[in-house]
Amino acid sequence: MSLTHESLVKAFYELIKKAVTELSPDVVKALENAYEREENVVAKKQLEAILTNIKLAGERKLPMCQDTGIQTFYIEAGFHTPHLEKLKPAITEAVRKATADALIRPNTVNPFTGVNEGDNTGRYIPYISWELVEGNEIRVYALPKGGGSENMCKLGMLRPGEGIKGVKRFVVEAVASAGGKPCPPVILGVGIGGGADLALKLGKKALLRPLGRRNPDERIAKLERELLEEVNSLGIGPMGLGGKTTALDILIEWAHRHPASLPVGVVFQCWADRKAFITIKGDGEIEWR
Amino acid sequence: MAEYHLKTPLSENEIRRLVVGDTVYLTGKIFTARDEAHKKMLETYERREEIPFNPAEMAMFHCGPIIKKKNGKWFVVAAGPTTSSRMELFEDKFIEFYRTRMIIGKGGMGERTAEAMKKHGAVYVAYTGGAAVLAVEAIKEVEDVYWLDELGMPEAVWIMRVENFGPLIVTIDSHGRNLAMEIMEKVEKKKLEIIKNL
Ligand code: SF4
């Protein structure tokens, strides 16, 4: 089967639609668990409103939140795929179409003129992050992420002497100062090491992992668990109105660092943790997984 | 932590009864207002001119909705709350001039607004951030729009009729309490404790 431009546009349109109208089961489950766990009446009401909102959005095929973000795609492309050149034009067209159908809000503004072209495309946007991997398959992740949580992201260039304790302090401080602004319960992606750019990128990429899947390295998995407990003991709660659930999960990715630096990238994701994936096989078949 | 089903216009008595932590479901009329609309209405008042509707009879909603026109009628696609703290600049004056009794938004507001609410009998209620479809569900009709050409869709004032809009959590009451600020003070203390024990 040959993979046409039209069928790819259709697939990416459906990918965007799925991301903005349906939360993946891991996130829904985490929100339901949080609802069960909370004893605070106000916190429970916030989670209940979120869960009802998600249900309605799914049924009516409407965007669960009005802020559908800057359109962002992560692509892991196999070295041997024959479909590489078709991806970008198809993604751009799908984004335009989804905007015209009011599935996503026009959100791309020229930083100098303030002009919004109205179709969610522009310089570097839709943003596509490319990574080359073994094999002949392509995996595409859509991550339309709202501005409210993105505005809370923080980069720390710590002194290596501060160590992992310093990393923890930095994350706890970032969450405390964000308070209710990123629409908690949040999911935190934390990138440790690399340079300034890589730390933030790893933090964002960590958000593609299903909630609850701990880092395979036991030491890092332990750090994730400890940080989650510490952050939740802050008491910010859903929407910053108090409660046990400030974060649904904390996902850490890491890279080796320079001897003189310890970069930490903290990426906030709101409860509307919209993400969807597809796999394009070597023969052009598209799989929804 | 009582639950109230209220109807606009809201009386001072009804508002004074509410305390921080209470839940409200609102039926009646609301108007949307963001930064530009606030500026416009305050300037109009200061020129001793009138605006085309009466904010005292409705609740204010900090919201920049997505609205579509279909067969000559407006209908709402998404209407989640926007961050209220940006309106802190204007809100004390607005309450004093126009006597709005309920303000709906997200993230809470500061001391100036809380002070004006205490003095004039008004409350701030938080609506769940991002819950845009749930809001659409409660909005029954778009009744009118003002300054659409001048301010554009998100900043224009939209008058809407709502039914059982909520849950709205009272986070600033008319007795001087401010829930979001109280929580952030506790968070600050807890943060120092956590860092000390790392
Ligand atoms: S932070 Fe998330 S849920 Fe809140 S308004 Fe923005 S996109 Fe929506």
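When reading the values below, keep in mind they use all heavy atoms of this one structure, side chains included, and skip hydrogens, waters and symmetry mates. Predicted, not measured: the structure shown is a model, and the values here were computed from it. The chains referred to below are lettered A, B, ... by the order of the sequence lines, with proteins before strands, and numbering in each begins at 1.
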What part of Leu198(B) lies closer than 4.5 angstrom to a heavy atom of chain A: side chain, backbone, both or neither? both
Which residues in residues 234-243 of chain A have any heavy atom closer than 4.5 Å to a heavy atom of chain B? Leu234(A), Gly235(A), Ile236(A), Met239(A), Gly240(A), Leu241(A), Gly242(A)
Chain A interface, residue from Pro65(B), Gly129(B), Pro167(B) that has the most non-hydrogen pairs under 4.5 Å: Gly129(B)
Pick one of side chain, backbone, both or neither for Ala49(A), based on which atoms fall under 4.5 Å of a heavy atom in chain B. both
Please report the shortest heavy-atom distance between Ala57(A) and Val133(B), naming the atom on each side. CB-CG2, 3.8 Å
Any idea which donor-acceptor pairs are under 3.5 Å between chain A and chain B?
from: Lys45(A); atom 1: NZ; to: Thr23(B); atom 2: OG1; distance (Å): 2.9
from: Gln46(A); atom 1: OE1; to: Thr128(B); atom 2: OG1; distance (Å): 2.8
from: Asn53(A); atom 1: OD1; to: Ala132(B); atom 2: N; distance (Å): 3.4
from: Asn53(A); atom 1: OD1; to: Val133(B); atom 2: N; distance (Å): 2.9
from: Asn53(A); atom 1: OD1; to: Leu134(B); atom 2: N; distance (Å): 2.9
from: Arg60(A); atom 1: NH1; to: Glu137(B); atom 2: OE1; distance (Å): 2.3
from: Gln66(A); atom 1: OE1; to: Gly80(B); atom 2: N; distance (Å): 3.2
from: Lys165(A); atom 1: NZ; to: Leu198(B); atom 2: O; distance (Å): 3.4
from: Trp271(A); atom 1: NE1; to: Gly129(B); atom 2: O; distance (Å): 3.0

Which one, Gly166(B), Gly80(B), Gly107(B), Ala78(B), leads in non-hydrogen pairs under 4.5 Å with chain A? Gly80(B)
